[in-house]
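Structure record follows, encoded as structure tokens.
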Amino acid sequence: MSPQELAEAIIPATADTRRRPPVWRFLKGHPQAAIGAAILIVFALIAILGPWIAPYGPREQVGPIFGTPSNPHPLGLDDAGIDILSLLIHGARITLIVGFTGALVAVLVGGTIGIISGYFGGRLDNLLMRVTDYFLVLPDLVLLIVVASIWGRSLRNIIIIIGLVYWTFMARLIRSQVKVVRERAYVKRAQALGASHLRIILRHVLPQVLPLILAQTVLMVALAIFLETAISFLGLGDPNAPSWGRMIENGFDRSAISYGAWWAIVPPGLAVAIVIMAFNMLGTAAEDALNPRLKVSHLLRRHFRMRPLPDKDAAR
Amino acid sequence: MRAGWSYVGRRALFALITILVAISLNFVLFRLAPGDRTSALRCQGCTQEFKAQVRAEFGLDRSVPEQYLVYVKETATGNLGRSFVTQQPVLAELWKPVRNTIPMVLLGTLFAISLGLTLGVVSAWRRGTITDRTSVWSGLLLYSLPTQWLALMLIFYAAGPLGLPTSDIADPYLAYENPGWWPELVDRLQHMVLPAATIGLVLFGEYTLITRSSMLEALGEDYILTARAKGLSNWQIVRRHALRNSLLPIVTLIFLSLGFILGGAILIETVFNYPGIGLQLYESVTERDYPMLQGGFLLLTVSVILMNFLADLLYFRLDPRVTE
């Protein structure tokens, strides 16, 4: 047996996965994340291809009020005789766009404040964190209702509000991570070499906190979608955008319950639940992978190791 | 001990300042609203003189800093203005629904705490087993369901078979029969079951997941290894070492969420038509009753801040290290 063969016999796993990108290895090691990602890809495709694959338009009356699920309309009709399946497909795009952009606003604002606060420290840090503390205790749903009812009903407002509510979580989390990275030797060396703050942040700090930011972004999208359905349910959603949240609201508002028309409420809620769950599966798996403290349990014999070892896949 | 009192003092100061900030934010938010109170009065035929009179009455003709000072003073004395709809003082109008919400929220939260904590601990203890996987997946599932949708599903599929009422807080005809306090209490509880169950189920998922990961973090610590080396039983390790330490973040979370669910109950109360603070706010939104909204927002914010403060105090009792 040549040394090469011997090495491959001893560490077959690494030989197999060495050339694969880290994302692939992460999904392979966490089936939960893989399922979540697969579900999201399907829904993303539906959102992108929506207008072409939906059998009817989002405002097209095609049958009786609260028509029961039957052959041409597998999910039935809503209170205006609109095909629920088509509404669901059209709504996917709006719901996902609100989710992603809302989370993006939160991440950009929270991330910037977190990095500045953690990197520079001192008085600036103190000031920014106090502001964050104040925002953190505001009851999000109520703040949202107040702002939405004052600013008016539009998708843009909803996105801004979602960002406004969630940037604080992001800022605190990233700040604490940046504080740790800042103390590392290579950052000190880069400073000694005369690198500018911007360069250090972009080249040395950001890559280290990026995985965590990504994991949190994924979780935040789930929260944003959740909030969108809540705002819509309270009648503060965009009247021109048939999102899933608006579908639930519509069903409830037009007393689908007393009609016994479960098909007006169950499908959009289920769609929201599946998408949120997919995001949560992906996000929590990523979070777990990034937290080496969860790797070891001293109660279980097979997890017995001397110290929590940072996972190589996760550190990437 | 002195360090401890300075810690409590700092937290109290923080809570006070936060309340002040919330009051100010409230002021700013409602000044940003399109139009002023005269347009909110919705009288098309009002003359300019009448509008000016109303402005003077509300103090809107003064400078903004002056208005702010007056507003802070009024708020501090508990005067939150009058509701546009009922013309009654806001604080009194808010108090009644809050009294309805509190027992319902407490019932749901107790359910969630007892079940979520137990399942979270068991799940971390038996990590990787069927029990663990079932509870993680059910936790994830419940955590992912939109609150209002879960409530609607309970109405569709649970209310009928269980014979529970799905709307309002009490049977309106029962009062005429004058049946005594026991049937009335039972009636109230029956109306509370479904809303409380919704809150309980939503929170249960979250509590289970958080307890589990917090326990898992603790179980990886070196002192657990030491405890094991000393020959303690698994039960002793979990109870005395792991749970004691992992309880800290959980307690904070529970107190924080207690403050938040008062506001979060808005979705549930809307579905069940339960006359609590949430439904009141919902109605204020549809009526554009700004004084009520303003008051409700302030009340809920203050309750979150107070809960936060309580969590800090409890933290101080549970973990003497926080003062450092």
Side-chain angles (χ1 to χ4, degrees), chain A residues 130 133-134 137-143 145-152 222 225-226 229-230 233-236 244-245 248-249 251-252 256-257 260 262 265-266 268-270 272-281 284 287-288 291-300 302-303 306-308, chain B residues 14 17-18 21-22 25 29-30 32-34 124-125 127-128 140-141 143-150 152-153 155-156 166 209 213 216-217 219-222 224-225 227-228 234 237-238 242 259-260 262-264 266-267 270-271 281-282 285-286 288 293-294 296-297 300-301 303-305 308:
Chain A
R130 283 296 86 78
D133 282 345
Y134 298 133
V137 295
L138 297 176
D140 45 7
L141 203 56
V142 186
L143 175 68
I145 290 165
V146 169
V147 176
S149 65
I150 292 173
W151 286 358
I225 292 177
F226 195 84
T229 64
F233 190 74
L234 296 171
L236 294 167
W244 293 337
I248 302 176
E249 186 246 342
F252 172 69
I257 296 175
W262 55 266
I265 291 177
V266 175
L270 224 50
V272 173
I274 292 172
V275 167
I276 290 185
M277 184 139 171
F279 276 114
N280 279 339
M281 281 155 71
T284 46
E287 223 182 12
D288 284 356
N291 189 351
R293 292 178 70 192
L294 293 179
K295 286 271 139 39
V296 177
S297 170
H298 290 309
L299 268 194
L300 300 174
R302 61 204 148 99
H303 283 281
M306 279 313 287
R307 283 201 68 81
Chain B
F14 172 76
I17 295 176
T18 318
V21 169
L25 191 73
L29 270 181
F30 284 85
L32 289 177
W125 188 339
R127 179 187 188 171
L140 256 178
L141 180 74
Y143 187 55
S144 307
L145 297 180
T147 314
Q148 71 276 25
W149 187 74
L150 182 63
L152 287 168
M153 290 303 102
I155 291 186
F156 263 130
T166 58
L209 293 178
S213 68
L216 280 183
E217 271 194 17
L219 286 176
E221 296 288 349
D222 286 344
I224 301 291
L225 191 59
R228 226 180 120 114
N234 275 358
I237 295 176
V238 166
F260 277 98
L262 259 189
I266 185 167
L267 292 168
T270 308
V271 172
L281 281 179
Y282 174 73
V285 168
T286 45
R288 293 289 183 271
L293 267 181
Q294 203 167 359
F297 178 64
L300 291 175
T301 311
S303 77
V304 173
I305 295 168
N308 230 339

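A note on names: the letters A, B, ... follow the listed sequences, proteins ahead of strands, and every chain is numbered from 1. None of these values were measured; they are calculated from a predicted model.
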Rounded to the nearest 0.5 Å, how far apart are CZ of B:Phe156 and CD1 of A:Ile265?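 Interatomic distance, B:Phe156 CZ to A:Ile265 CD1, rounded to 0.5 Å: 4.5 Å.
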With a 4.5 angstrom heavy-atom cut-off, is it the side chain or the backbone of B:Phe297 that approaches chain A, or both, or neither?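 Contact with chain A involves both backbone and side-chain atoms of B:Phe297.
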Counting only heavy atoms closer than 4.5 Å, note whether B:Leu140 contacts chain A via side chain, backbone, both or neither.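 B:Leu140 touches chain A through backbone and side-chain heavy atoms alike.
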Test side chain to side chain contact (heavy atoms under 4.5 Å, CB included) applied to B:Leu141 - qualifying residues, sequence neighbours left out: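 Expected list: A:Met277.
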As an exercise: rank B:Ile305, B:Val271, B:Ile155 by heavy-atom pairs under 4.5 Å with chain A and give me the winner.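 Option with the top pair count is B:Val271.
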Excluding sequence neighbours, so at least two apart, what forms ring-ring contact (aromatic ring centres under 6.0 Å, His included) with A:Phe233?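 In terms of ring-ring contact (aromatic ring centres under 6.0 Å, His included), with neighbours along the sequence ignored, A:Phe233 is linked to A:Phe252.
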Among A:Val272, A:Val266, A:Ile248, residue most engaged with chain B (heavy-atom pairs, under 4.5 Å):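 Counting heavy-atom pairs under 4.5 Å, the top option is A:Val266.
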Under 4.5 Å heavy-atom distance to chain B, tell me which part of A:Ala222 shows up: side chain, backbone, both or neither.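 Neither the backbone nor the side chain of A:Ala222 comes within 4.5 Å of chain B.
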Name the region of A:Leu270, side chain, backbone, both or neither, that has any atom closer than 4.5 Å to a heavy atom of chain B.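 Both parts, backbone and side chain.
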Answer whether the closest heavy-atom distance between the side chains of B:Leu281 and B:Leu300 falls below 4.5 Å.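 Side-chain contact under 4.5 Å: yes.
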Checking the side chain of B:Gln148 only, and the main-chain atoms of A:Thr229 only, is there a donor and an acceptor separated by less than 3.5 Å?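 A pair under 3.5 Å: yes.
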